[in-house]
Number of protein chains: 4
Amino acid sequence: MSSIIKGNKISVSVFGQSHSESIGAVIDGIPAGIEIDYDRINAFMARRAPGQSKFSTPRKEADKPEVLSGIVNSKTCGAPISIKIDNTNTRSQDYDNLKLLPRPSHSDYSAYVKFGGNNDIAGGGQFSGRLTAPLCYAGAVCSQILESKGITIKTHIFSIKDVKDEAFDLENLYDDELEFDPLFPVISRFKGERMKTVIQLAREAGDSVGGVVECAVLGMPAGIGEPMFDGIENVISKNIFGIPAIKGIEFGSGFSGTEKYGSENNDNFSVKDGKVVTVTNNHGGILGGITSGMPIVFRTAVKPTPSISIPQTSVNLKTMKEEELVIHGRHDPCIVPRAAAAIEAVTAITVLDLVL
Amino acid sequence: MSSIIKGNKISVSVFGQSHSESIGAVIDGIPAGIEIDYDRINAFMARRAPGQSKFSTPRKEADKPEVLSGIVNSKTCGAPISIKIDNTNTRSQDYDNLKLLPRPSHSDYSAYVKFGGNNDIAGGGQFSGRLTAPLCYAGAVCSQILESKGITIKTHIFSIKDVKDEAFDLENLYDDELEFDPLFPVISRFKGERMKTVIQLAREAGDSVGGVVECAVLGMPAGIGEPMFDGIENVISKNIFGIPAIKGIEFGSGFSGTEKYGSENNDNFSVKDGKVVTVTNNHGGILGGITSGMPIVFRTAVKPTPSISIPQTSVNLKTMKEEELVIHGRHDPCIVPRAAAAIEAVTAITVLDLVL
Amino acid sequence: MSSIIKGNKISVSVFGQSHSESIGAVIDGIPAGIEIDYDRINAFMARRAPGQSKFSTPRKEADKPEVLSGIVNSKTCGAPISIKIDNTNTRSQDYDNLKLLPRPSHSDYSAYVKFGGNNDIAGGGQFSGRLTAPLCYAGAVCSQILESKGITIKTHIFSIKDVKDEAFDLENLYDDELEFDPLFPVISRFKGERMKTVIQLAREAGDSVGGVVECAVLGMPAGIGEPMFDGIENVISKNIFGIPAIKGIEFGSGFSGTEKYGSENNDNFSVKDGKVVTVTNNHGGILGGITSGMPIVFRTAVKPTPSISIPQTSVNLKTMKEEELVIHGRHDPCIVPRAAAAIEAVTAITVLDLVL
Amino acid sequence: MSSIIKGNKISVSVFGQSHSESIGAVIDGIPAGIEIDYDRINAFMARRAPGQSKFSTPRKEADKPEVLSGIVNSKTCGAPISIKIDNTNTRSQDYDNLKLLPRPSHSDYSAYVKFGGNNDIAGGGQFSGRLTAPLCYAGAVCSQILESKGITIKTHIFSIKDVKDEAFDLENLYDDELEFDPLFPVISRFKGERMKTVIQLAREAGDSVGGVVECAVLGMPAGIGEPMFDGIENVISKNIFGIPAIKGIEFGSGFSGTEKYGSENNDNFSVKDGKVVTVTNNHGGILGGITSGMPIVFRTAVKPTPSISIPQTSVNLKTMKEEELVIHGRHDPCIVPRAAAAIEAVTAITVLDLVL
């Protein structure tokens, strides 16, 4: 069992392969009586959709989600919300040569072993990034409910390859002016342009780049979460690693915090507007697995897209001999901007489950 | 619900506070008929025990685990194994001034809010690193079973503050000569000495340091794990964040992999001894959530111990005024060496559940 | 969260309301490489389909399941299998007067409170027996796999109102001749005719009747299951109560066993074909939550269909005054024959999860 | 994994074998700040304790529960509550002849197969009814919290063998005068005396009897529970079957309701004190898996104690030959009165999880 985000209240069951009839999700546990704003859902999904700019794959997905159940007259009725998105514009022949020749750093080989060669290889099958589309639908629904509770999530591209955006700081986080370009969300436009150049150069070289996405959850009340194994870090990380290509996650000062002294990394307490706050937020809003009332801040590492045009070495699983592999087809030189939407979606699902 | 590692087969339910009558664990799902090697358990627990060297807290814990059930004549009988460790040598008065004055970057404040001030503050209560002792017991039992299946876990201190050990590489990983000092496991003794100096200086300054622990799981067969939300990264990260002070985790090349091109980060396939392998292991043994047969490699960020002697600023939760806080008592200037044992223990529990 | 059968390996996530666009299911955890026999699935679903005989509702459902994912060229690929069945032939106006006038012994009132009046009342919404159609699909898939492992499930109508079929006995259970009429499965045709008469009389009176379904799982190896809370009885009962109208379950001699002496109810051991067996099977194949190798036998109570034409008393939820309620529309005077298929389906899902 | 009641908020992890060092439980998720009334806990546990009357086993258990964690100065602190009860007064030699000669209708044989002969046979091992002692502790804690929320559970012996007590009716349920003898709770004292006679006769004959326990949960608000697989019936039945010797459960009119017409079994609505009620309660307080606001009523079948002195036939697992088995030792001719306490305890745990 694999394709389910299972919270205490909310679960999201994702289905589909890249080239199956449809992909979709069953979203269980959304409270009844919520008015669904389809424009917002479409806007959220557009952030993940490919083919919108030269910084992503030219493959254009129609991605028209259809509601199958759970919403009556634009309002949730308490029954699981199920949606499907039909797969169109698939070119399965692109993948024919991959059946026995696993692509490096894709799931082809591990899936081949697990499923005894029966896995659906076309378009990456169930491992395709396409599966994040229904996740974004679910996340968009959850975001809407969170905002009605005063909780918002802000997400930006923290880095592309070695080009770093400015980090969130405690001031700009709450800045309502901080509106990101939905298709390429960065704090510093200057850095954003440099990132785009890096992506463009990778594309031209038939190569790819990765990056880091930073996410902040604002408005979380203190005292949410559990000690030890059901803490905030535990559930966020478990769910975030469900997104393809994620290889790392850190909260607050994270790995860089390990290079500080305790006296530098500790966050002194203070009072602001009659509320206990911390002066810095190296703890990323989480202490002992429980929210402190400060923004939850975390960063996730998105590896460079494994699909590249440059020839690579694979092993033919039949002959057990090395072969050169050239991947044809349409590839995304950098999925970080689109992954940012998926990360925000999964965060919204996870956080809503925590506060319900 | 919080203190349970819940796998498909194995669950570990941890209980106790730092100063309660006892701490302990209930380990459910261990196969029947396993001969328990108590010497190995004691050796494992010694790696986590404090007071053994000048690099950790002088507080000496007796830490004698007593088996309450589940083992008959040194053999598991299929019933849950339960153990307890009595708390002795506790000095609760050390913590009296903390009740209303939360220590920076400890769980005091978030726990105060969550539990309405009823939480047990003494010694860190249920958030104490002491709770990792029963985890190490459980991990030692699981390690034993894993080794009988040809799976071993190697753990070393990857860095203390800004001093980095050598990283595992594909050659030294399988080197049987690679035997670590159990109390201070490093690959490079030279770097180890420098790390100890850094810790010693922090102690003298009343300060603390953190670091990174690297873990490798050898002998994992390919094809274990699930796509999406029950993948290897998902379950390891969920459980590892249950250890106090962990703020980040990365698999394979992790965050540094995001600074590479796809062509650099991708792991080409090759054949070795008739088996499919990868030439490099930037994927950390996991592709699409499923093992590739290569070693699982991950690093976790351990923050600097928040307990320091240097005066800090807190807020009195009654008066809501800032106050200077000086933490008395015995502190550990660096918990990384002991955390390494806990990380290995949780990894063993998690991996055993995956392969059973 | 509610609509998920969550096993260790297999989960089935059901979605839809009686009058939503579609109903369906996501079946996760089915092994890869299984050849799907669609004829068998259709035959299984026909057992649950309404409108086939005068003993059930005249409402004819098209019930054409469409596979959305998880099956490639008639073979499972390891990805979740998702199916949908479009809702057609719905007459929502039949339910308009029910919005504020809850039908006795339906879920209308409890759902109204839970969902704040936002629940989809049309056709029973998500509580409709129609939701058992996708369950039957999932059950048919699981049955197929079980049979390849030598495990079969036999289900018959044990009673309709006070007319009782013969019970399974240890001899007839293994009788391959024992082939049931799929639409009205009974051991004794004579009793079956009397049952049909009882149903016909209830229909003519605008009333309804219930009954008991008996299920036997043959071929279960001994030693499957867990002590205490994850035992066979625990998981079967948890899942079976997910079928609408089920109000009781008993294993082996069940309630009638409580009227016996221990010496009568105990099952002595014997040897047959070199295998340990019991002479009688009052324990229903389960001892201490674990299979004994004898057939699992259980009976479930299906209450009389709450939809009847006879006038009843309800309370107008707006005026809070009693009102007479007359339910129009097409009703099933007895759902027991169709429930039998759903019970067998849920049993197949549950048992497959146990043996995988 | 087996010995855990796992709710959304509360989990209870039970450990121990009949003759291990200790038995106990870890109770996770109890809110912080609850004042524990130890007298009430002791009173609850006394209801389950053996050796108190001639209607149960003469084996006297000390059953002194010791709190290991989770309670500070008689108040819950939010950490898991753990308790242990040391096993004393064990006579393991009584069980020596059972190792290879499984007792009919005990778990000996199924456990032997599951655990490969390594299971702890002494006193029934982990399958012993003794394990319900820590459950009663947990239940007593939960009961206390439930009562502070206006929810109470009433439990009586519905039948012993074929002697039936009066059933709960809607009037006597709320009768505060209805106080049961804790050691032998019945509504009709006259019927109670007849039950005791039946038990006494069984004891004299070296035989045993079973019975049915009826439980009512009063004060449940409407709208609690979930449709389908997480409904009230689902979770109560899953947990109740964790108690040894339970073989059936029915809600409301249950099995007898299947012999009624729909028009008889349906519960008309009415208004009482401005609240929607039903005139009858054949639905047992649950409609569509969700509470209706009426009392939850269910009955559970407790099989006759399998331990009897009368010679029985077993199979020697080494020689695979039938042998006569005579069980020596101290036996309980009827565990129903003590099971009633365990049933109420598990109900309290389950219901508290639902309303938290």
Side-chain angles (χ1 to χ4, degrees), chain A residues 2-5 104-105 107 110-111 113-114 126-127 161-162 207-208 210-212 222-223 226-230 233-234 237-238 241-242 247-248 250-252 254-255 257-259 261-263 265-269 271 276 283 287-288 290 292 301 303-306 308 310 312-315 320, chain B residues 2-5 104-105 107 110-111 113-114 126-127 161-162 207-208 210-212 222-223 226-230 233-234 237-238 241-242 247-248 250-252 254-255 257-259 261-263 265-269 271 276 283 287-288 290 292 301 303-306 308 310 312-315 320:
Chain A
S2 57
S3 305
I4 300 179
I5 293 183
S105 296
S107 61
S110 57
V113 176
K114 180 174 180 65
Q126 64 172 309
F127 298 89
K161 204 167 183 290
D162 48 2
D207 213 332
S208 67
V212 174
E226 299 286 339
M228 298 200 91
F229 302 106
D230 287 302
E233 288 113 335
N234 308 67
S237 65
K238 177 174 196 298
F241 277 115
K247 295 301 275 189
E250 59 177 7
F251 294 83
F255 281 92
T258 68
E259 304 203 5
Y261 283 110
S263 57
N265 197 56
N266 280 2
D267 299 307
N268 283 326
F269 285 105
V271 178
V276 176
H283 68 290
L287 290 170
I290 299 169
S292 68
K303 73 177 182 186
T305 329
I308 56 176
I310 296 170
Q312 300 176 88
T313 307
S314 183
V315 166
M320 286 299 276
Chain B
S2 56
S3 306
I4 301 179
I5 292 181
S105 296
S107 62
S110 57
V113 175
K114 179 174 179 65
Q126 66 172 308
F127 298 88
K161 203 166 183 292
D162 49 3
D207 213 331
S208 69
V212 174
E226 300 286 339
M228 299 201 89
F229 302 107
D230 287 301
E233 290 113 334
N234 308 68
S237 66
K238 177 173 197 294
F241 277 115
K247 296 301 275 188
E250 59 178 6
F251 295 83
F255 281 93
T258 69
E259 305 203 3
Y261 283 111
S263 58
N265 196 57
N266 281 2
D267 299 306
N268 282 326
F269 285 105
V271 178
V276 175
H283 69 290
L287 290 170
I290 299 171
S292 68
K303 74 178 181 184
T305 330
I308 56 176
I310 295 169
Q312 298 175 91
T313 307
S314 182
V315 166
M320 287 297 277

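Letters go in sequence order (proteins before strands), and every chain restarts at 1. All heavy atoms count here, side chains included; hydrogens, waters and symmetry mates do not.
- Of the listed residues (A:G257, A:G254, A:S105, A:G210), the one with the most heavy-atom contacts under 4.5 Å to chain B is A:S105.
- Summarising the geometry of B:F269 relative to A:P104, their closest heavy-atom pair is CE1-CA, 3.7 Å, with the distance given to 0.1 Å.
- Checking side-chain atoms of A:S110 against main-chain N and O of B:L287 turns up a donor-acceptor pair under 3.5 Å.
- The parts of A:D267 that come within reach of chain B are both its backbone and its side chain, each placing non-hydrogen atoms under 4.5 angstrom from that chain.
- When heavy atoms are compared at a cutoff of 4.5 Å, A:F127 approaches chain B solely by way of its side chain, counted from C-beta outward.
- Closest heavy-atom contact between A:F229 and B:S3: CD1-C, 3.7 Å.
- Top candidate by heavy-atom pairs under 4.5 Å with chain B, chosen from A:E233, A:M320, A:K238, A:Q126, is A:K238.
- Across every non-hydrogen atom of B:F241 and A:S237, the tightest pair is CD1-OG, 3.4 Å.
- In this structure, chain A has a heavy atom under 4.5 Å from the side chain of B:D207, while its backbone stays farther away.
- Among A:V113, A:I290, A:N265, the residue with the largest count of heavy-atom pairs under 4.5 Å with chain B is A:I290.
- The residue among A:I310, A:I308, A:V276, A:V271 with the most heavy atom pairs within less than 4.5 Å of chain B is A:V276.
- When each of A:P306, A:A111, A:S292, A:G252 is checked for heavy-atom pairs under 4.5 Å with chain B, A:P306 comes out on top.
- Annotation: the span from A:T258 atom OG1 to B:K161 atom NZ amounts to 9.5 Å, rounded to 0.5 Å.
- The contact between B:Y261 and chain A is made by backbone and side chain atoms together, counting heavy-atom distances below 4.5 Å.
- Atoms CD1 and CG, on A:I5 and B:D230 in that order, are 10.5 Å from each other to the nearest 0.5 Å.
- Residues B:K114 and A:E226 are in side-chain contact: their nearest non-hydrogen atoms beyond the backbone lie under 4.5 Å apart.
- Ranked by heavy-atom pairs under 4.5 Å with chain B, the first of A:G223, A:G242, A:G288, A:G248 is A:G242.
- Taking the side chain as every heavy atom from C-beta outward, B:I4 and A:M228 never approach each other to under 4.5 Å.
- The backbone N or O of B:N268 lies less than 3.5 Å from no partner atom in the side chain of A:T313, so there is not a single donor-acceptor pair.
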